[in-house]
Structure formats: C-alpha cells, structure tokens
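One structure is given below, encoded as structure tokens.
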Amino acid sequence: MWELVKAIVVVSLSLAILLAFLGLLYWLTGFLPKRWQESWRAWVFLFPAALAMVVGLLIPAIRTLYLSLFNDTSNNWVGFDNYLDIFQTRGTRLTVFNSILWVTAGTAITIIIGLAVARYADGMRGEKVAKSAIFIPVAVSLVGAGLIWTFVYAGPPFDNGLLNAVTGSIPGLPDSMGGDGERLWYLERGFGPFDPPSSAPGFNTFLLIVIFIWAQAGFAMVIFSAAIRGVPDSLIEAAKVDGATNRQVFYRVTLPYIRGTVVTVTTLTMIAGLKAFDIVAATTGGHFDTSTIANEFYQTKFVQGRNGLGAALAVLIFVLVIPIVIMNRQAQKRAEEMMGA
Amino acid sequence: MTTTAVPEPAVTEAGAPVLAPTKIYKQPVGRSVSTSLSSGWGKFLVWGLVALWIIPIMGLLVSSVRPETDVKTTGWWEWFTNFHVTTANYKAVLNSGSNGDNLWHFFLNSLEITIPSVMLSIGIATLAAYAFSWMQFPGRDWLFVATVAMLMVPLQMALIPMLQLLVNGEIFGVHVLPLERFDITTTIYGVWFAHVCFGMPFCIFIMKSFISALPKDIVEAARVDGAGHMTIFWRLIVPLSVPAIAALAIFQFVWIWNDYLVALIFTARENAPITKQLKDMTGTRGQSWHILTAAGIVAMILPIIVFFSLQRYFVRGLLAGAVKG
C-alpha cells in the first residue's frame with residue numbers, strides 16, 4: 001500500500017516539476033522577438049509529447065527496421081535474409097498464415113456477431129442485460145481470457161473441460177471431433193474430416209481465434225449500437241411506410257448508413273488480430289503450430305535472443321498493417337461518397 | 001476516418017460541447033417501437049450468443065468458489081448438483097504471505113503502474129492537443145498527420161530499441177544515458193516510460209479531436225481579454241475537457257491494467273503487474289486449478305467495475321476516437 005502511495009506522490013511531483021519546467025520555458029519565450037514567440041510557445045506545449053514519440057516510437061521503429069537488416073547478433077549486414085528466412089522456414093511461415101487467419105476469419109466473425117447483436121438486441125426486451133453480457137469480455141485482459149477458455153478447452157488428464165463434456169455427450173460423434181470426450185483441443189490440428197496439411201493453420205488455431213472473437217465482439221457491438229442509434233428514425237419509418245421489411249430496412253438503410261463505422265471497426269479489429277500475442281502466450285504459448293507473428297516475435301527476440309529475425313518479424317507486423325490502413329482509407333472514401341450521393 | 005453516422009456531441013446553450021451522460025444501453029426518448037430492427041428469431045440468436053459469452057466466465061466464477069478437490073476432479077457445471085462453496089481459494093491467493101503468490105502485492109503493483117502512467121500520458125497529451133488545436137506554428141498540420149500515422153506503428157516495432165534504451169541507455173546504438181549501472185526493469189519507471197510513449201499518439205488523437213471541437217468564440221474572447229496560452233489552457237481548456245479526460249482515463253486505465261506484453265518485457269518479478277503474475281501462475285501452477293480461478297477473478301474484477309460503473313463516460317470517448325475519427 002505504501003508503495004502505491006509513494007508511486008502516486010512521485011508521479012504527481014514529476015508532473016509538477018515538468019509543468020514548472022515548461023512554465024519556465026514558456027516565460028523565457030517572452031524574451032524572443034515577437035514573430036517567433038507563438039511558434040516557440042507551441043513547441044513548449046508540444047515538447048514532452050514530441051520527446052515521448054520521437055524517443056519512444058519514431059527512433060525505435062527506425063532502429064528496428066535497421067536491425068532487421070543485420071544478423072541475430074547485430075554485427076553483420078545480411079540484407080533481406082531475415083525476411084527470406086521468415087518465409088523459407090516452415091515454422092515462421094506458418095505463423096504468418098496463422099496471423100492471416102486471425103486477421104481475416106477472426107475479424108469477419110467478430111464484425112458479423114457485433115452487427116447481429118447490435119441489430120437484433122436493439123429495442124429488444126432485456127437489451128441492456130444482453131449487451132452488458134457481450135461486453136464483459138472487453139474489460140477482461142486477454143491473459144484472463146486465455147485462462148477462462150482453458151477451462152473450456154481442457155482435456156486429459158483433466159476432466160473439467162467444458163467442450164469435452166459437451167462433445168462427449170453427443171451420441172455418434174466421431175472421436176476425431178471429440179466424441180470420446182478426451183480430446184486435447186489445444187494440441188490436435190485436425191478436426192473430423194478437416195485435416196490440414198502441415199503448411200496450413202490447424203483447427204487449434206481456430207480455437208484460439210474463438211477466444212479473440214469472444215474478447216472483441218463486445219467492442220464492435222457497442223460501437224455499432226451507437227451508430228445504429230444515430231440512423232435518423234425518419235429514414236427507417238419512411239422505409240417501413242413504403243412497405244420495407246425489417247430485413248430490407250437493415251440491409252438497404254441501416255447498413256449503408258453506418259458503413260463508415262463498420263469500416264473503422266473492421267480496421268481496428270484487423271489490427272488487433274495482427275498483434276495477437278496475449279491469447280497465444282496464455283494458452284498454447286505458440287506450441288502445436290498455433291503461433292502468430294506477434295508471438296513468434298516475442299519468442300524469437302526475448303526467449304531465443306535473436307535480434308535480426310525478431311526485428312524482421314516486428315517489421316512484418318508493421319508491413320501488414322499498411323494494406324489494412326490503405327483498405328480502410330479507400331473503403332472510408334467510398335462510404336463518404338455514398339453518403340454524399 | 002469521418003462518418004456521419006454518429007451525431008456530434010450535444011452543445012449546451014453556452015456553446016460548449018458536452019459529452020452527454022446518456023446511458024448507452026438506454027433507448028433515446030421518443031424512439032418509436034416501429035423503428036426497432038429486432039425480430040423473433042433474432043432474439044433467439046442474441047440470447048444464444050449471450051449464453052455462449054457468459055458460460056466461460058461462469059465457469060471461472062463458479063470454479064473459484066469450489067473446493068480444491070472438486071475443481072480438480074469434476075467440471076464446474078457439476079457444482080449445481082454437488083453444491084459446495086468455499087472462500088479458501090481466495091484466501092489462498094490473497095493471504096499466502098511472502099511466498100511470492102500473494103496476489104494482493106501484484107494487485108498493488110498493477111495500480112502503481114497504471115495510475116501514474118495514465119496521469120502522465122493524459123497530462124502530456126492534453127498539452128500537445130492544445131498546441132495542435134489552438135496555437136499557430138509552421139508545420140502544425142503536417143506534424144499532426146505524423147502523430148496520427150504513429151498510431152499505425154505496432155508496439156512490437158519499438159520494443160527492442162526501447163529495451164536497449166532502458167537497460168543500456170542506448171539510442172540507436174549510441175550510449176546516451178548511464179543506465180547500465182542499475183536494472184531499470186526492477187523499478188517502475190521503465191514500465192511507466194514505455195506506457196507513456198506507446199500510448200501517446202492515441203491520447204493526443206483523442207484529446208485533439210475533443211479540444212479542437214471546443215467553440216472558437218470562447219477561446220478568442222479570452223484572447224481578446226488578454227489571456228495568454230497558459231491562462232487559456234488552465235482556466236478554459238482543462239476544465240472544459242474534463243469529460244474527454246475522464247473518458248480517456250478510463251480507456252487508458254483498462255488498457256494498461258490489462259496489458260501483458262509491455263509488462264512482460266519491462267518489469268521484473270517483484271514489480272510485475274497482476275496480468276504477468278496470472279500468466280506465470282498458469283505456467284508454473286498449471287495443476288493448481290483452484291488457485292488460478294480465484295487469481296483470475298481478482299485480476300479481472302477492477303477493470304470490469306471501472307468499465308461498467310463509468311461506461312457512460314467511456315463510450316462517448318470511444319465514439320470520439322473510433323467513430324468520429
């Protein structure tokens with residue numbers, strides 16, 4: 001407890017010192033020629049933030065880019081070898097495919113569920129309860145989410161896995177789909193007739209994505225709900241007067257109207273999927289072919305101590321963010337054009 | 001990233017935008033039932049999803065109050081037929097003295113990391129947001145675009161060099177700070193610094209979208225009356241921005257509390273936050289299911305309370321960032 005009080009006192013003091021320092025700098029700008037004053041004062045206000053971003057983000061990002069062109073001990077220039085390595089080694093190549101599955105399937109299902117709840121719960125009896133329930137996981141840390149789902153996916157030697165209890169109680173379900181109630185869900189890549197080649201993501205990766213969907217859908221739902229509220233009642237009433245069904249109203253009026261919001265949330269969810277690390281670390285640790293790029297980055301750099309390959313994996317995350325952002329801009333533009341028309 | 005889907009914040013008579021304290025789950029007054037898109041099977045779908053969403057959490061909650069042998073040998077759903085309640089698991093995680101499992105210690109660590117990081121990042125971001133909104137300087141728009149572009153840079157891009165800076169005092173391989181004499185990861189300063197830096201673009205972005213939307217008239221009126229930037233900032237901008245500051249504080253609080261990656265790299269065992277401890281317990285005490293369940297609930301309870309008690313502030317803030325863009 002004392003430590004906490006101390007921490008808060010320390011941070012309050014440092015904020016006070018920082019502000020006093022900025023105040024002093026601001027006062028000094030009074031001695032500058034008039035035409036310089038305004039911009040120097042702006043820099044006083046910007047100084048701490050600029051310092052944090054340049055020292056904490058910009059320089060490190062450039063440095064990572066630079067390190068990714070060197071070997072694992074950062075003393076020999078290797079060009080793009082680290083990047084080639086990622087795609088030439090089966091393990092790391094698979095993590096890229098896994099991440100792509102997180103970004104595509106994970107996001108698609110999250111958005112559909114978020115939209116479905118926002119749509120069908122709107123005006124429903126018990127709406128508040130239902131939406132709160134879906135929202136709870138957003139407040140839970142992803143490590144906590146991994147723990148929660150471990151109680152769902154647990155398998156032998158433990159008898160307390162919910163999923164095994166469910167599949168085990170379905171008569172006639174083949175063992176390859178958990179029919180014996182003894183399946184090791186985190187370990188097995190296949191599922192029933194689905195038997196992925198060793199170069200493709202397995203079913204266990206999808207099970208981790210389920211945790212991601214569970215953790216993210218509430219966020220999408222809340223934003224979509226607010227956006228649906230923003231659709232003018234007059235528009236919906238007009239459509240209904242014209243004889244449109246609920247379904248038509250949703251697809252022809254509501255969805256186009258909130259398109260911009262859908263695009264934004266999709267982008268945010270995709271980026272979150274690309275950075276998926278906590279869930280993987282808290283469940284399989286990336287074993288059994290379930291690793292993602294972000295998890296592989298951590299393992300490579302901070303467990304194996306390989307600077308070059310680790311940096312290249314970090315850069316790869318960044319490189320994959322770029323098309324997502326570009327897609328967002330284009331879709332956003334189209335949405336705006338539609339609204340303008 | 002603009003959209004017209006969400007109305008602008010309500011404007012008071014004085015002209016200052018306020019974050020309307022509307023409950024998100026409440027229907028706005030005057031909404032007729034006829035505009036609802038709900039339907040028969042849609043309700044089934046929603047309640048089905050609610051069940052899917054709640055059951056895993058139920059499992060953890062129920063398990064956390066079951067006796068050790070029950071947790072280890074039977075599924076939590078059997079609690080309903082084989083009803084035993086105990087607080088032993090909670091006592092075990094909260095009172096196990098100094099043997100390293102005392103979760104209370106890590107709970108306080110989390111607060112020690114979270115509260116100062118939130119205060120620092122919001123304080124610094126508000127200053128910058130004011131400069132971006134109401135001060136004139138060459139390259140202002142360009143710099144703001146650069147700040148927004150930083151939102152794209154994933155945390156992972158900055159981790160390795162940040163660690164080199166905090167542990168060896170190196171920037172780009174050049175030794176600048178004498179940090180190698182002590183291990184900064186055993187203090188809380190390293191993790192504060194990391195959180196403040198990594199969260200800065202987002203905080204500036206949110207604060208700027210709010211502060212720049214404040215009415216021009218009052219700022220100019222203050223200028224005409226001879227107020228300098230410092231006065232305007234303290235007397236006008238900060239008080240008017242309280243709703244946005246509250247929203248951002250809630251968001252940052254939950255985000256930093258739930259963070260695992262930054263904590264994993266920038267904290268040592270004794271100053272680790274509760275998420276890191278929870279993960280470590282999952283690894284080292286994978287067999288102690290009963291302990292894990294209680295630990296999980298303890299780690300989750302605060303952000304859930306924060307979110308649900310302050311949701312009206314939070315959701316407005318979220319909308320400012322994610323929707324209004």
Side-chain angles (χ1 to χ4, degrees), chain A residues 3-4 7-8 11 15 38-39 41-42 45-46 48-49 52-53 56-57 60-61 63-64 117 119-124 128 130-131 133-134 139-141 143-144 147-149 151-152 160 165 223 226-227 230 233 236 246 250 258 260-261 264 275 277-278 282 297 314 317-318 321 325 332 339, chain B residues 1 3-7 25 35-39 42-43 45-46 50 53-54 56 59-60 75 108 111-112 115-116 119 123-124 127-128 130-131 135-137 150 152-154 156-158 160-162 172 196-197 200 229-230 258 260-261 275 278-279 296 299-300 303-304 307 319 322-323 325:
Chain A
E3 288 290 314
L4 175 62
I8 292 172
V11 80
L15 261 177
E38 174 80 3
S39 45
R41 284 179 174 170
F45 275 78
L46 281 175
M53 286 194 294
L57 280 170
R63 171 80 170 158
T64 299
V117 176
R119 173 190 174 183
Y120 290 120
D122 189 46
M124 176 184 94
K128 188 180 160 147
K131 286 187 176 175
I134 306 274
V140 170
S141 67
V143 172
L147 176 66
I148 287 174
W149 281 81
F151 278 81
V152 176
N160 51 8
I223 309 274
D233 281 359
I236 295 171
N246 269 349
F250 182 75
I258 65 167
T261 310
T264 305
K275 292 186 194 168
F277 163 71
D278 307 29
F297 159 76
I317 298 176
F318 177 62
V321 168
V325 173
Q332 208 65 257
M339 293 304 296
Chain B
M1 284 192 266
T3 170
T4 46
V6 168
Y25 302 137
T35 57
S36 167
L37 295 171
S38 194
S39 70
K43 280 177 201 154
L45 180 77
V46 171
V50 167
W53 253 243
I54 283 301
L60 195 74
L108 289 178
L111 284 174
E112 256 172 64
I115 296 174
M119 286 168 67
I124 293 174
L127 282 167
Y130 174 74
M135 297 175 96
Q136 302 299 329
F137 59 95
M150 294 273 224
M152 275 174 34
V153 177
Q156 284 85 353
M157 278 284 275
I160 302 175
M162 186 68 123
F172 223 102
V196 169
C197 292
M200 194 49 62
H229 286 301
M230 281 288 183
N258 284 339
Y260 173 58
L261 181 59
T275 43
L278 186 62
K279 167 65 181 63
M300 285 163 203
I304 290 181
F307 253 149
L319 292 180
V323 184

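All heavy atoms count here, side chains included; hydrogens, waters and symmetry mates do not. The chains referred to below are lettered A, B, ... by the order of the sequence lines, with proteins before strands, and numbering in each begins at 1.
For A:Val325, the part lying under 4.5 angstrom from a heavy atom of chain B is the side chain only. Heavy atoms of B:Leu45 lying under 4.5 Å from chain A belong exclusively to its side chain. Only the side chain of B:Leu60 comes within contact range of chain A, with heavy atoms under 4.5 Å apart. With a threshold of 4.5 angstrom between heavy atoms, B:Phe172 approaches chain A through its backbone and through its side chain. Contact of B:Ile115 with chain A is made through the side chain alone, with heavy-atom distances under 4.5 Å.
By the ring-ring contact (aromatic ring centres under 6.0 Å, His included) test, A:Phe45 is found to be paired with B:Tyr130, B:Phe233, residues two or more places apart in sequence or in another chain being considered. Not counting sequence neighbours, the partners of B:Tyr260 by the ring-ring contact (aromatic ring centres under 6.0 Å, His included) test are A:Phe277.
Of all the heavy atoms in A:Arg63 and B:Pro161, the pair that sits closest is CG-CG, 3.5 Å. Pairing each heavy atom of B:Gln156 with each of A:Lys275, the nearest pair is NE2-O, 4.0 Å. In terms of heavy atoms, B:Cys197 sits closest to A:Ala52 at SG-O, 3.4 Å.
B:Asn258 contributes a side-chain N or O that, together with a main-chain N or O of A:Ala139, makes up a donor-acceptor pair within less than 3.5 Å.
Per-residue counts of heavy-atom pairs under 4.5 Å with chain B were compared for A:Val117, A:Val152, A:Thr64; the largest is that of A:Thr64. Ranked by heavy-atom pairs shorter than 4.5 Å toward chain B, the options A:Val143, A:Val140, A:Asn160 are led by A:Asn160.
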